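Worksheet: the structure to be examined is printed underneath.
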Amino acid sequence: VQLQASGGGLVQAGGSLRLSCSASGRTFSSSPMGWFRQAPGKEREFVAAISRSGAPILYTPSVKGRFTVSRDNAKNTVYLQMDSLKPEDTAIYYCAAGGKSFIQTMRQEYEYWGQGTQVTVSS
């Protein structure tokens, strides 16, 4: 499975961005998917996860109510809609796929990673 993340950019606080992650390979629809982010000098952290069927969905508390993860299995794509962005959301965002669990929140559970897309939120 190869993952290609896109949609990052520079936005002012309070703005929105929509990240996309396109996957190659036949196993996408059977794979749990996740979004992680890594800010400078910090560990890569969990942001959101979605099961292969689209539910359930999990979010880290700091983004709940502002971010929405979704997937379109017909297009082999997972999305992360980010609203009400804050400067502390600034990071490189990575999508991840694969693994054995129904839904996954830990980095080591995922087998495949995209290259990351930069999100910068100015104050």
Side-chain angles (χ1 to χ4, degrees):
V1 176
Q2 291 186 326
L3 304 174
Q4 180 72 38
S6 62
L10 173 65
V11 64
Q12 289 187 334
S16 297
L17 284 173
R18 189 194 196 200
L19 305 184
S20 299
C21 176
S22 298
S24 63
R26 299 180 180 179
T27 60
F28 175 83
S29 61
S30 64
S31 175
M33 301 291 295
W35 286 97
F36 290 74
R37 65 187 180 186
Q38 188 167 16
K42 295 187 177 181
E43 294 287 321
R44 191 173 300 188
E45 65 173 359
F46 166 74
V47 175
I50 186 167
S51 70
R52 58 181 68 96
S53 65
I57 292 172
L58 297 173
Y59 298 99
T60 193
S62 62
V63 309
K64 198 170 185 180
R66 300 188 297 120
F67 290 10
T68 304
V69 63
S70 61
R71 65 189 296 162
D72 185 337
N73 287 343
K75 295 182 178 180
N76 281 8
T77 302
V78 63
Y79 305 97
L80 185 67
Q81 177 67 40
M82 305 187 295
D83 299 316
S84 302
L85 282 161
K86 303 176 181 180
E88 51 264 44
D89 294 318
T90 295
I92 299 174
Y93 283 71
Y94 298 89
C95 58
K100 300 178 180 179
S101 299
F102 187 62
I103 189 166
Q104 304 170 155
T105 63
M106 301 182 71
R107 291 172 52 185
Q108 56 265 37
E109 295 182 290
Y110 288 94
E111 298 176 277
Y112 309 103
W113 291 85
Q115 85 287 2
T117 184
Q118 176 71 49
V119 172
T120 303
V121 184
S122 63
S123 58

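Remember, predicted model here, so these are calculated numbers, not experimental data.
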- prompt: Checking Glu109 side chain against Ile103 main chain: does a donor-acceptor pair fall under 3.5 Å?
  reply: no

Rounded to the nearest 0.5 angstrom, the CD-OG distance for Gln2 and Ser24 is 4.5 Å

Validate the cation-pi geometry between Arg107 and Phe36: distance from NZ or CZ to the six-membered ring centre under 6.0 Å, angle to the ring axis within 45°.
no

d(Thr68 OG1, Asp83 CG) to nearest 0.5 Å is 6.5 Å

- prompt: So if you build clusters from Ile, Leu, Val, Met, Phe, Trp, Tyr with side-chain heavy-atom gaps below 4.5 Å, do Trp113 and Val119 land together?
  reply: no

Exercise. Mind checking whether Leu19 and Tyr94 sit in one hydrophobic cluster, side chains of I, L, V, M, F, W, Y counted as touching below 4.5 Å?
Worked result: no

In terms of heavy-atom contacts, Ala91 and Arg37 come closest through CB-CB, 3.8 Å

Rounded to the nearest 0.5 Å, the OG1 atom of Thr117 sits from the CD atom of Gln4 at a distance of 9.0 Å

#### Entry: CD (Glu111) with more than 12 external heavy atoms under 6.0 Å
yes

Review point. With under 30° as parallel and over 60° as perpendicular, where do the rings of Phe67 and Tyr93 fit, or are they tilted in between?
Key: tilted

With Ser6 as partner, the option from Ser20, Cys95, Ser22, Cys21 fulfilling side chain to side chain contact (heavy atoms under 4.5 Å, CB included) is Ser20

For Gly98 and Ser31 the tightest heavy-atom approach is N-OG, 2.6 Å

Inset, instruction - Answer with yes or no whether the hydrophobic clustering places Met33 together with Tyr79; edges join I, L, V, M, F, W, Y residues whose side-chain heavy atoms lie under 4.5 Å apart. - result: no

- prompt: For the hydrophobic clusters of this structure (ILVMFWY residues joined by side-chain heavy atoms under 4.5 Å, transitively), does one cluster hold both Val47 and Ile92?
  reply: no

Return yes if some donor-acceptor pair links the side-chain N/O of Ser29 with the main-chain N/O of Asn73 below 3.5 Å, else return no.
no

In short, Leu80 meets Ala48 closest at the heavy-atom pair CD1-CB, 4.2 Å

Distance-only, no hydrogens or angles: does the Arg71 side chain make a donor-acceptor pair with backbone N or O of Ser51 under 3.5 Å?
-> yes

Heavy-atom closest pair (Tyr110 atom, Pro32 atom, distance to 0.1 Å) is CE2-O, 3.8 Å

Between the NZ atom in Lys86 and the OG atom in Ser62, the distance rounded to the nearest 0.5 Å is 8.0 Å

OH of Tyr59 to CZ of Phe46, rounded to nearest 0.5 Å, is 9.5 Å

### Task
State plainly whether one hydrophobic cluster holds both Met82 and Ile50, where clusters connect Ile, Leu, Val, Met, Phe, Trp and Tyr through side-chain heavy atoms under 4.5 angstrom apart.
yes

Note: Ala23 and Leu3 closest approach over all heavy atoms is CB-CD2, 3.5 Å

Is a side-chain N or O of Gln115 found less than 3.5 angstrom from the main chain of Ala5, in a donor-acceptor match? yes

Check whether any side-chain N or O of Thr90 sits under 3.5 Å from a backbone N or O of Thr120 as a donor-acceptor pair, and report yes or no. no

